[in-house]
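Inspection log for the structure reproduced underneath, given as structure tokens.
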Amino acid sequence: MIETIIKGLIIGILISAPMGPVNMLCVQRTLNKGRWHGFVTGLGATLSDVIYAFITLLGMSFAEAFLRKNEMVIQLIGSLVLVVFGYVVFRTNPLKGWTPNTKIEETQYFHDFISSFFITLSNVAIIFVFITLYARFTFTPVTDGNGHLMLALVTISIGALAWWFFLSSLISRLRKHFNRKGLVILNKTVGSILMIISIGGILLSIFGVTI
């Protein structure tokens with residue numbers, strides 16, 4: 001159970017951290033309207049992520065025997081894919097399409113929530129990211145029963161919300177000093193962390209250690 005909690009939290013953070021459209025929307029709304037608008041934007045994304053997390057976990061349960069039989073190989077492949085993903089995040093220009101000086105019309109929190117929910121929901125490719133993370137961390141809570149499945153979804157949600165709270169709070173605190181360079185550094189930091197975790201996973205897989 002402790003293992004499910006720890007891995008769920010890590011997956012929740014890693015699935016939310018890369019600077020994609022919703023992260024940029026969170027930054028922009030935090031800068032223009034305040035931290036809670038940014039956080040609610042992340043809340044909408046989290047709900048969509050949890051839906052995809054649930055679908056992916058159920059799908060992987062049908063491949064339980066295959067996953068357990070090829071655990072080492074799958075972990076190694078997952079780590080390699082995650083390295084590439086981290087590198088792409090590191091090299092991606094987070095400023096593309098960002099207009100920090102554009103005045104955003106004041107909206108209700110519900111609009112912030114629902115817009116980010118549908119933006120994230122439209123990105124079906126997130127399923128492949130979930131599969132990669134599940135493989136890397138040998139994360140198959142559904143095989144341990146419904147209790148572990150619910151715990152996994154809750155901890156993934158908490159991990160994702162922790163990231164959105166951190167990002168909106170950080171941007172809010174630095175909004176007077178925040179510039180384009182700061183956003184680039186944040187994006188490169190996230191990409192670097194992903195690559196470090198992945199390389200560590202590759203080494204562990206090579207030496208036959210499962211995590």
Side-chain angles (χ1 to χ4, degrees), residues 1-26 38-71 74-75 77-79 81-82 84-86 88-89 109-168 190 193-194 197-198 201 210-211:
M1 184 170 288
I2 298 299
E3 183 179 349
T4 298
I5 292 173
I6 294 174
K7 290 181 178 181
L9 290 172
I10 293 173
I11 289 171
I13 293 172
L14 293 180
I15 205 70
S16 303
M19 281 290 167
V22 177
N23 272 270
M24 297 310 305
L25 195 59
C26 175
F39 179 72
V40 170
T41 297
L43 190 62
T46 298
L47 177 59
S48 178
D49 285 340
V50 170
I51 292 173
Y52 278 129
F54 178 68
I55 294 172
T56 312
L57 281 172
L58 287 182
M60 291 189 73
S61 68
F62 293 109
E64 178 189 1
F66 175 79
L67 292 173
R68 293 191 181 278
K69 184 178 179 180
N70 301 279
E71 188 173 6
I74 291 172
Q75 275 200 359
I77 293 174
S79 295
V81 173
L82 204 55
V84 175
F85 181 62
V88 170
V89 171
Y109 287 118
F110 179 74
H111 176 272
D112 295 331
F113 175 87
I114 204 69
S115 59
S116 63
F117 170 77
F118 281 112
I119 289 173
T120 307
L121 194 67
S122 67
N123 183 21
V124 182
I126 197 72
I127 289 178
F128 298 102
V129 181
F130 270 116
I131 291 174
T132 298
L133 291 172
Y134 294 161
R136 166 74 286 279
F137 293 103
T138 321
F139 192 68
T140 55
V142 69
T143 61
D144 297 318
N146 293 333
H148 279 265
L149 174 60
M150 292 304 299
L151 182 62
L153 295 175
V154 168
T155 52
I156 288 173
S157 302
I158 293 174
L161 290 176
W163 166 257
W164 294 117
F165 184 80
F166 164 77
L167 180 62
S168 57
V190 170
I193 291 173
L194 285 173
I197 291 174
S198 306
T210 60
I211 295 180

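Just so we're clear, the structure is a prediction, and the values are computed from it rather than from any experiment. No hydrogens, no waters, no symmetry mates; every other heavy atom, side chains included, goes into these values.
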The side chain to side chain donor-acceptor pair (under 3.5 Å) partners of T4 (sequence neighbours excluded) come to H148
- Answer whether the closest heavy-atom distance between the side chains of F139 and I10 falls below 4.5 Å. no
**Request:** Flag the pair L43 / L47 as yes when at least one side-chain heavy-atom distance between them is below 4.5 Å, and no otherwise.
**Result:** no
F130 and L57, any side-chain heavy atoms less than 4.5 Å apart = no
| Are the side chain of Y134 and the backbone N or O of A53 linked by a donor-acceptor pair below 3.5 Å? | yes
For V50 and L153, the nearest pair of non-hydrogen atoms, with its separation, is O-CD2, 4.0 Å
Does a side-chain heavy-atom distance below 4.5 Å link F117 with I51?
-> yes
### Message
With a 4.5 Å cut-off on side-chain heavy atoms, are W163 and N23 touching?
### Response
yes
request  = Please answer whether the main-chain N or O of F165 pairs with a side-chain N or O of S168 as donor and acceptor at a distance below 3.5 Å.
outcome  = yes
Of all heavy-atom pairs linking G8 and T155, the shortest is CA-OG1, 3.4 Å
key: Student check: side-chain heavy atoms of L167 and F39 closer than 4.5 Å   = no
To the nearest 0.5 Å, atom CD1 of I15 lies from atom CD1 of I156 at 8.5 Å
* Any donor-acceptor N/O pair, K7 side chain to F137 backbone, under 3.5 Å -> yes
So, S116 side chain and T41 main chain: donor-acceptor pair closer than 3.5 Å or not?
yes
Side chain to side chain donor-acceptor pair (under 3.5 Å) filter on T46, not counting sequence neighbours, yields W164
Between the CG atom in L9 and the CG atom in L14, the distance rounded to the nearest 0.5 Å is 11.0 Å
CG of L151 to CG of N146, rounded to nearest 0.5 Å, is 12.5 Å
Heavy-atom closest pair (Y52 atom, I126 atom, distance to 0.1 Å) is CD1-CG2, 3.1 Å
For G159 and I13 the tightest heavy-atom approach is O-CG1, 3.2 Å
